[in-house]
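Whatever order the structure lists them in is the order used to number ligands and atoms, beginning at 1.
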Amino acid sequence: MNITVYDEIGGTEQCTVMEMSSLAPNHIPLKERVPGVEGQAFELKSWYDAWMNKRQVKTDREPVYMNVEAVDEFQATIPWEQLNQAVFLYEQDGKPLQKGFPIRLYVPDGSSECLNVKSVVSIRFEYGEAVNEASYGFKNRVSIEELRLNK
Ligand SMILES: Nc1nc2c(c(=O)[nH]1)N[C@H]1C(S)=C(S)[C@@H](COP(=O)(O)O)O[C@H]1N2
Ligand SMILES: [Mo]
């Protein structure tokens with residue numbers, strides 16, 4: 001399963017877990033940042049810098065937030081300042097994740113544990129208007145039935 005990475009300046013790339021984790025300069029046991037949870041994780045921000053370098057992007061700008069979306073369409077938008085300790089869990093017992101595959105975000109500095117999005121398949125770095133608070137939840141899914149009813 002691929003993960004789509006998008007950055008307004010750096011462009012778009014489809015990555016495998018292997019490609020992402022091998023690019024990441026800083027790998028840690030997750031329990032160092034999230035006590036009680038086993039597994040190997042890599043740091044988000046140092047991975048992001050390495051990815052931007054690989055994309056040959058030079059910029060002084062920083063994203064204002066990151067948006068991640070999961071297989072089940074759960075998604076979260078998190079201000080850049082809450083992401084300093086953020087990591088992606090990618091392996092448990094030396095194997096791909098049983099729960100949260102392909103990767104799971106953990107946000108130790110985040111405003112809520114609900115931001116620990118499982119099964120992330122899309123990661124977007126955004127530079128637009130600042131968001132002051134993190135948000136999460138399922139994307140709006142409007143069925144044909146509802147459209148008819150609300151007409
Ligand atoms: N993909 C996905 N990730 C998700 C959720 C979800 O519904 N889908 N729920 C979130 C919420 S609201 C919480 S509280 C935690 C629960 O994590 P747990 O399953 O490890 O207890 O996962 C978060 N990550
Ligand atoms: Mo939650």
Side-chain angles (χ1 to χ4, degrees), residues 1-8 10-52 55 62-147 149-150:
M1 197 180 300
N2 279 333
I3 300 145
T4 304
V5 181
Y6 167 84
D7 181 276
E8 200 181 312
T12 308
E13 189 181 353
Q14 307 272 338
C15 304
T16 62
V17 177
M18 186 64 88
E19 285 165 349
M20 285 187 75
S21 68
S22 56
L23 184 65
N26 203 2
H27 293 243
I28 53 163
L30 181 61
K31 63 181 171 210
E32 284 184 12
R33 294 200 186 166
V34 185
V37 189
E38 294 295 324
Q40 273 294 109
F42 63 84
E43 220 173 51
L44 165 71
K45 286 202 171 174
S46 52
W47 169 83
Y48 175 72
D49 290 342
W51 184 75
M52 288 291 269
R55 304 285 296 173
E62 279 200 323
V64 294
Y65 63 89
M66 178 178 80
N67 171 267
V68 296
E69 198 182 313
V71 179
D72 61 359
E73 295 193 355
F74 189 82
Q75 55 103 38
T77 295
I78 306 154
W80 199 242
E81 317 79 70
Q82 288 187 30
L83 292 168
N84 292 336
Q85 300 293 315
V87 294
F88 283 110
L89 174 68
Y90 65 95
E91 197 179 271
Q92 280 173 321
D93 292 328
K95 295 192 291 279
L97 304 186
Q98 303 249 338
K99 173 178 147 183
F101 181 82
I103 53 174
R104 181 173 189 177
L105 177 68
Y106 277 87
V107 191
D109 280 354
S111 52
S112 166
E113 290 192 5
C114 308
L115 300 174
N116 299 336
V117 181
K118 292 170 261 191
S119 305
V120 170
V121 288
S122 160
I123 307 171
R124 300 176 64 87
F125 298 96
E126 305 280 1
Y127 297 76
E129 239 168 87
V131 295
N132 299 319
E133 276 182 48
S135 61
Y136 57 86
F138 288 95
K139 279 174 98 174
N140 280 330
R141 271 176 292 186
V142 183
S143 69
I144 306 270
E145 279 308 302
E146 283 170 312
L147 283 176
L149 288 170
N150 295 333

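Of the protein's non-hydrogen atoms, the one nearest atom 13 (C) of ligand 1 is Cys114 CA, 3.8 Å. Among all non-hydrogen protein atoms, the one lying nearest atom 19 (O) of ligand 1 is Lys118 NZ, 2.5 Å.
In the vicinity of Ala70, heavy-atom distances shorter than 4.0 Å reach the ligand 1 atoms 1 (N). Every atom of ligand 1 with a heavy atom of Asn116 under 4.0 Å away is listed here by number and element: 22 (O), 23 (C), 24 (N).
The distance criterion of under 3.5 Å between nitrogen or oxygen atoms is not met by Tyr136 with respect to ligand 1. At under 3.5 Å, a nitrogen or oxygen of Asp72, whether backbone or side chain, sits near a nitrogen or oxygen of ligand 1. By the 3.5 Å distance cut-off applied to N or O atoms, Glu113 is not counted among the residues near ligand 1.
Enclosure of atom OH in Tyr136 is not indicated, since only 12 or fewer non-hydrogen atoms of other residues, nucleotides or ligands lie within 6.0 angstrom.
Of the candidates Glu73, Glu69, Arg104, Lys99, the one placing a heavy atom closest to atom 22 (O) of ligand 1 is Arg104.
The closest side-chain heavy-atom distance from Tyr48 to Leu83 is not below 4.5 Å.
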Check the pair Glu43 / Arg33 against salt bridge (charged side-chain N to carboxylate O under 4.0 Å, His left out), numbers first and verdict last.
CA-CA 10 Å; Glu43 220 173 51; Arg33 294 200 186 166; 2.7 Å; yes
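Between the side chain of Lys45 and the backbone N or O of Trp80 there is at least one donor-acceptor pair closer than 3.5 Å. Although no hydrogens or angles enter the test, the distance criterion places no donor-acceptor pair under 3.5 Å between the side chain of Thr16 and the main chain of Asn2. The backbone N or O of Lys95 sits nowhere less than 3.5 Å from a side-chain atom of Asp93 that would complete a donor-acceptor pair.
For Asn67 and Glu126, the side-chain atoms include no donor-acceptor pair closer than 3.5 Å.
Residue contact annotation: Phe138 has a non-hydrogen atom under 4.0 Å from ligand 1.
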